[in-house]
Amino acid sequence: MSEFPTISSLAAHEGQTVTLRGWLYNIRSSGKLLFPTFRDGTGTIQGIVPKAAVPEEVFETLKNLQLESSLTVTGKVRADSRAPSGYELDVQDIHVISAVSSDDPFPITLKEHGVDFLMEHRHLWLRTPRQSAILRVRATIMRAAAEYFDTNGFIRTDPPILTPNACEGTSELFEMDYFDNDKAYLTQSGQLYVEATALALGKVYSFGPTFRAEKSKTRRHLTEFWMIEPEVAHLELNGLMDLAEAFITHIVTRVLESHRTDLKTIGRDIAKLEAVIANPATEPGAPGSAASSPHLGGGATDPSLLSSRSAAEGSASRFPRLSYDEAHAMLDAAYKAGKLENPHKYGDDFGSPDETYISSQFDKPVLVHRYPAAIKAFYMQPDPDDPTKALCLDVLAPEGYGEIIGGSQRVDSYDLLKSRIEDHNLPLAAFQWYLDLRKYGSVPHAGFGMGIERAVAWLCGLDHVRETIPFARTLNRIYP
RNA sequence: UCCUGAGUAGCUCAAUGGCAGAGCAUUCGGCUGUUAACCGAAGGGUUGUAGGUUCGAGUCCUACCUCAGGAGCCA
């Protein structure tokens, strides 16, 4: 394959004659000069074709070629300060693999298009530099997320996608027939199942698609999205917060390491991401920092994940942490100062404008913990210091990107969990296996879920999650 | 589900109730350093659908369809 170097690697081929495989991204002309721009999925490079320097056939072929025709192009790599990438290609020869017809030209032009048109042509929109850059960053985020857990002693245990019942009994689920008499539902969270695998293996995570049939029509919602969900036996809320912070820090670090060019293509303000991981003095969760425990069977605990509350609130804490009460007080003060349109009612969940305001007060993600139990899921452990609060956690991304992580310590008492299920009018029989986890050697445990697409939207600075996934599924769209 | 807004050329958009327009794209012509190149010309329309008001409707009215943004709910 080395005979076809990628465009991203051309700096190493300066002065050499190379043959690239790619597509015609754009072409301009000036009399007897052609300026074709080629792309190959790794980048773009502008070629230059003086009529006098190439065979007549090469000049005429290129001059009449439609955008997105596939081809191989041979030319000499030359550094040029006028080129955006720093290099140009002095074209010597081309070979057209497949020519696009001028009767039906490539629909995505370099001009602006509307959202509907672009989404209808998503399969072709992906070829544009910005969309390709986003998908590269997405791939790194997914890899870094899995890598964090893989290198810290977690075992990946993926839960089923077809489930027999509602996990939390709240969200709208996609329903389907399961053979003769049963209904099946697409999973809305693997959490209940990773609780089971966590009690088997200690530290686990799942990573897969998740489905919500809610009719949400906003820039933050997809009906199908990817979620990564760690679950850890013997972990309590403060350790969970440490884990979330180290996890996010690792992902941001990886993105900054290898995607500065892509982030620039996307138009991301990189300084905002650098601020998230600033203060490198403490790096408790980075891979290789001896945080992982080699064996976590039985009752072993991982000291790195069991920091006490006082430790969590000490100097090691780099992301701001607010209790629900503190966040409410902040919103209350903001409303009284005229910075918020509507008051936040104590006891209610935070609305979108509330989350935006809270996160705008910091340049790092904010951890909000201990929400009122009444507005949270049935499986969340009550706070022993104030049983009206749940030992839960939301992570709000900066710049108004909202909730990217939600998690909690889980109820570990059989009796309490059973009464919670009954209070929520959930079918006890369907949850018997879940109750078994509390019957046989229950321990405190905790976990969270991070929505990949919201994380990608935040890290790339996108205003809509539909650009964060190759083919977004939304309320009104399931094509292409 | 609710609220708001938008549907006119392949795309992005103009058009006081009075002849259907521009830029890009396509085709033809011009230009030896273009950066969404530029200059000239040509072709390209059932104005989302169905009714209604009017001498006359892209424009006003009614219903419906599609899409977008927001709310609720959530990651």
Side-chain angles (χ1 to χ4, degrees), chain A residues 25-37 44-53 59 63-64 66-68 80-85 88 90 100-121 124-125 128-129 167-168 170-172 188-191 209-229 341-342 348-356 375-377 393-397 401-407 448-458 463-466 468-469 474-477:
Chain A
Y25 173 64
N26 191 21
I27 185 165
R28 292 174 286 269
S29 71
S30 178
K32 303 292 182 283
L33 268 182
L34 300 179
F35 296 99
T37 302
T44 61
I45 186 169
Q46 175 172 280
I48 176 167
V49 191
K51 188 174 171 65
F59 189 86
K63 186 179 159 191
N64 293 314
Q66 294 291 312
L67 302 191
E68 286 302 316
D80 192 305
S81 58
R82 290 167 292 193
S85 70
E88 283 188 344
D90 288 324
V100 173
S101 166
S102 64
D103 294 339
D104 199 1
F106 191 71
I108 314 279
T109 68
L110 276 63
K111 292 276 185 176
E112 285 184 74
H113 296 286
V115 168
D116 189 38
F117 179 81
L118 288 171
M119 288 305 289
E120 200 71 13
H121 296 83
L124 304 177
W125 186 24
T128 60
C167 163
E168 304 178 21
T170 52
S171 294
E172 295 286 326
Q188 61 158 358
S189 167
Q191 182 208 309
T210 303
F211 307 86
R212 304 275 167 94
E214 277 164 4
K215 299 199 169 174
S216 299
K217 216 164 44 168
T218 80
R219 66 184 65 196
R220 299 179 307 280
H221 288 86
L222 298 170
T223 54
E224 174 183 329
F225 64 96
W226 283 65
M227 189 150 67
I228 188 163
E229 297 176 273
E341 202 170 319
N342 296 306
D348 283 359
D349 207 347
F350 301 125
S352 255
D354 299 328
E355 288 185 354
T356 299
I375 57 169
K376 286 292 181 181
L393 148 81
D394 277 3
V395 178
L396 308 181
Y401 278 94
E403 184 182 346
I404 55 170
I405 280 180
F448 62 74
M450 183 180 82
I452 293 294
E453 287 73 21
R454 285 192 183 172
V456 176
W458 164 46
D463 63 8
H464 202 297
V465 290
R466 66 181 156 229
T468 66
I469 186 168
T474 60
L475 179 59
N476 292 316
R477 188 172 302 282

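Convention: sequence-line order gives letters A, B, ...; per-chain numbering from 1. Nothing here was measured: the structure is a model prediction, and the numbers come from that model.
Residue A/Ile108 is out of contact with every strand shown, counting any heavy-atom pair closer than 4.0 Å. Backbone-only contact: A/Glu403 has heavy atoms under 4.0 Å from sugar-phosphate atoms and none from a base. The residue A/Met450 sits apart from the nucleic acid: no heavy atom pair falls under 4.0 Å. The residue A/Ile405 sits close only to the backbone: its heavy atoms come under 4.0 Å of sugar-phosphate atoms, none of a base. Using a 4.0 Å heavy-atom cutoff across all strands shown, A/Phe35 reaches at least one base atom of the nucleic acid. Within 4.0 Å of A/Asp394, counting heavy atoms only, lies no atom of the nucleic acid at all. No contact: A/Gly402 has no heavy atom under 4.0 Å from any strand.
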Going 5' to 3' through nucleotides 40-49 of chain B and flagging B where a protein heavy-atom sits under 4.0 Å of the base, S where only the sugar-phosphate is that close, and - otherwise, we get ----------
Would you mind building the protein contact string for nucleotides 21-31 of chain B? One character per nucleotide, 5' to 3', B for base within reach (heavy atoms under 4.0 Å), S for sugar-phosphate only, - for untouched. ---SSSS---B
How does protein contact run along nucleotides 66-72 of chain B, one letter per nucleotide 5' to 3', with B for base contact, S for sugar-phosphate only, - for none, heavy atoms under 4.0 Å? -SBBBBB
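Taking the charged nitrogens against the carboxylate oxygens, A/Asp394 and A/Lys376 do have a contact shorter than 4.0 Å, which makes a salt bridge. A salt bridge is absent between A/Glu453 and A/Arg466: the closest approach of a Lys/Arg side-chain nitrogen to an acidic carboxylate oxygen does not fall below 4.0 angstrom.
Comparing B/U59 with B/G21, their C1' atoms are spaced 15 Å from each other, to the whole Å. Comparing B/U1 with B/U62, their C1' atoms are spaced 23 Å from each other, to the whole Å. Comparing the P positions of B/U4 and B/C24 gives an interatomic distance of 38 Å, to the nearest angstrom. Spacing between B/G5 and B/A9 at atom P, rounded to whole Å, works out to 23 Å. On the C1' atoms, B/G58 is 6 Å away from B/U8, given to the nearest whole Å. Nucleotides B/U26 and B/C19 are separated by 27 Å at their C1' atoms, to the nearest Å. A distance of about 23 Å separates the C1' atoms of B/U16 and B/G52, rounded to the whole Å. Annotation: B/A14 and B/C2 have their C1' atoms spaced 33 Å apart (nearest Å).
For the pair A/Pro107 and A/Ile404, nearest-nucleotide mapping onto RNA chain B gives the more 5' position to A/Pro107. Comparing A/Lys51 and A/Leu475, the nucleotide of RNA chain B nearest to each residue sits closer to the 5' end for A/Leu475.
A distance of 8.0 Å separates CD1 in A/Ile469 from CH2 in A/Trp226, rounded to the nearest 0.5 Å. Going from atom CG of A/Leu67 over to atom CG of A/Asn26 covers 6.0 Å, rounded to the nearest 0.5 Å. Taken from OG1 in A/Thr474 to CD in A/Glu224, the straight-line distance is 11.0 Å, to the nearest 0.5 Å. A distance of 12.0 Å separates CZ in A/Arg454 from CD1 in A/Ile405, rounded to the nearest 0.5 Å.
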Could you write out RNA chain B as a dot-bracket string, with dots for unpaired bases, | for bases paired across to another strand, and Watson-Crick or G-U pairs counted at under 3.5 Å? (((((((..((((....[..)))).(((((.......))))).....(((((..]....))))))))))))....
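In terms of heavy-atom proximity, A/Thr44 sits nearest to A/Pro129 at CG2-CG, 4.5 Å.
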Using the salt bridge (Lys or Arg N to Asp or Glu O under 4.0 Å) rule, take A/Glu120 and A/Arg477 through it: C-alpha gap first, then chi angles, then the decisive distance, then the call. CA-CA 9 Å; A/Glu120 200 71 13; A/Arg477 188 172 302 282; 2.7 Å; yes
Determine, stepwise, if the pair A/Gln46 / A/Arg82 fulfils side-chain hydrogen bond (donor to acceptor under 3.5 Å, both in side chains). CA-CA 10 Å; A/Gln46 175 172 280; A/Arg82 290 167 292 193; over 6 Å; no
Step by step, work out the side-chain hydrogen bond (donor to acceptor under 3.5 Å, both in side chains) result for A/Ser189 and A/Glu229. CA-CA 9 Å; A/Ser189 167; A/Glu229 297 176 273; 2.9 Å; yes
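The separation between A/Asp348 atom CG and B/C74 atom C1' is 15 Å, rounded to whole Å. Rounding to whole angstrom units, CZ of residue A/Phe225 and C1' of B/C74 are separated by 8 Å. Whole-Å rounding puts the A/Gln188 CD to B/C74 P distance at 10 Å. Rounded to a whole Å, the CD atom of A/Glu120 is 19 Å from the P atom of B/G7. Straight-line distance from the NE2 atom of A/His113 to the P atom of B/A6: 23 Å, rounded to whole Å. Following rounding to the nearest Å, A/Arg28 (CZ) and B/C38 (P) show an atom-to-atom distance of 10 Å. In this structure, CD of A/Glu88 is placed 8 Å from C1' of B/G33, rounded to the nearest angstrom. Rounded to an integer number of Å, the gap from A/Gln191 CD to B/A75 C1' is 13 Å.
Judged by distance alone, with hydrogens and angles left aside, the side-chain atoms of A/Ser29 form no donor-acceptor pair with the main-chain N or O of A/Gly31 at under 3.5 Å.
Here side-chain hydrogen bond (donor to acceptor under 3.5 Å, both in side chains) pairs that include residues 106-115 of chain A, with residues two or more places apart or in two chains, are A/Thr109-A/His113.
In this structure, the side chains of A/Asp90 and A/Ile48 come closer than 4.5 Å at one or more pairs of heavy atoms. At least one side-chain heavy atom of A/Val49 sits under 4.5 Å from a side-chain heavy atom of A/Pro36. A 4.5 Å side-chain heavy-atom check between A/Glu403 and A/Glu355 finds at least one atom pair inside the cut-off.
Shown here are the ring-ring contact (aromatic ring centres under 6.0 Å, His included) partners of A/His121, two or more places apart in sequence or in another chain: A/Phe117.
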